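Please read these numbers as outputs of a predicted model, since none were measured by experiment.
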Amino acid sequence: MRLTVFWDRMRQQFGEAYAESVAKDYVMAELDGRTIEQALADGEPAKRVWHAVVATFNVPSRLQ
């Protein structure tokens with residue numbers, strides 16, 4: 001998954017402004033206690049990070 005697709009799905013799920021806030025502030029157990037931004041900066045594939053988002057939040061099937 002490309003980062004552009006990842007961020008598009010994040011904005012669709014959370015809205016333009018809130019997507020960045022979730023990525024910056026929400027610590028996720030599925031990402032070993034990191035935020036989305038930290039996981040991506042550490043080199044985690046966007047697809048793995050997106051799967052963590054899907055597992056954590058109520059993401060509609062059309063975005064999964």
Side-chain angles (χ1 to χ4, degrees):
M1 167 184 285
R2 292 176 175 247
L3 278 175
T4 54
V5 173
F6 173 84
W7 286 111
D8 181 55
R9 289 183 184 183
M10 285 289 289
R11 285 189 286 279
Q12 288 182 57
Q13 171 65 20
F14 298 106
E16 190 74 30
Y18 191 55
E20 291 181 27
S21 178
V22 170
K24 179 180 171 185
D25 298 327
Y26 195 88
V27 175
M28 301 175 66
E30 291 82 1
L31 297 176
D32 303 319
R34 296 176 290 178
T35 66
I36 292 168
E37 281 188 354
Q38 289 169 330
L40 291 172
D42 289 346
E44 288 292 342
K47 186 173 186 174
R48 179 180 184 274
V49 176
W50 181 248
H51 286 297
V53 172
V54 169
T56 303
F57 298 98
N58 186 20
V59 177
S61 59
R62 68 180 175 78
L63 293 177
Q64 295 181 21

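Put simply, the side chain of W50 gets close to the backbone of L63: a donor and an acceptor are under 3.5 Å apart. Judged by distance alone, the side chain of Q64 and the main-chain N or O of V54 form no donor-acceptor pair under 3.5 Å.
Using cut-offs of 30° and 60° on the angle between ring planes, the pair Y26 and F57 is tilted.
Nearest approach of F6 to A46, heavy atoms of both residues: CD1-O, 3.8 Å. Residue Q13 comes nearest to V59 through the heavy atom pair OE1-CA, 3.6 Å, listed as atom of the first residue, atom of the second, then distance. Here the shortest heavy-atom pairing between L31 and A52 reads CD2-CB, 3.7 Å.
Residue V53 is not grouped with residue V27 when hydrophobic side chains (ILVMFWY) are merged at heavy-atom distances under 4.5 angstrom, including chains of intermediate members.
Around the CD atom of E20, the shell of radius 6.0 Å holds no more than 12 heavy atoms that belong to other residues, nucleotides or ligands.
Atom OG1 in T4 sits 10.5 Å away from atom CZ in R9 (nearest 0.5 Å). Between atom NE2 of residue H51 and atom CE of residue M1 there is a gap of 6.5 Å, rounded to the nearest 0.5 Å.
Partners of D42 according to the salt bridge (Lys or Arg N to Asp or Glu O under 4.0 Å) rule, which considers only residues two or more places apart in sequence or in another chain, are R34.
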For this session: For M28 and I36, run side-chain contact (heavy atoms from CB on, under 4.5 Å): C-alpha distance rounded to whole Å, both residues' side-chain angles, the deciding distance at 0.1 Å, then the answer.
Result: CA-CA 8 Å; M28 301 175 66; I36 292 168; 3.7 Å; yes
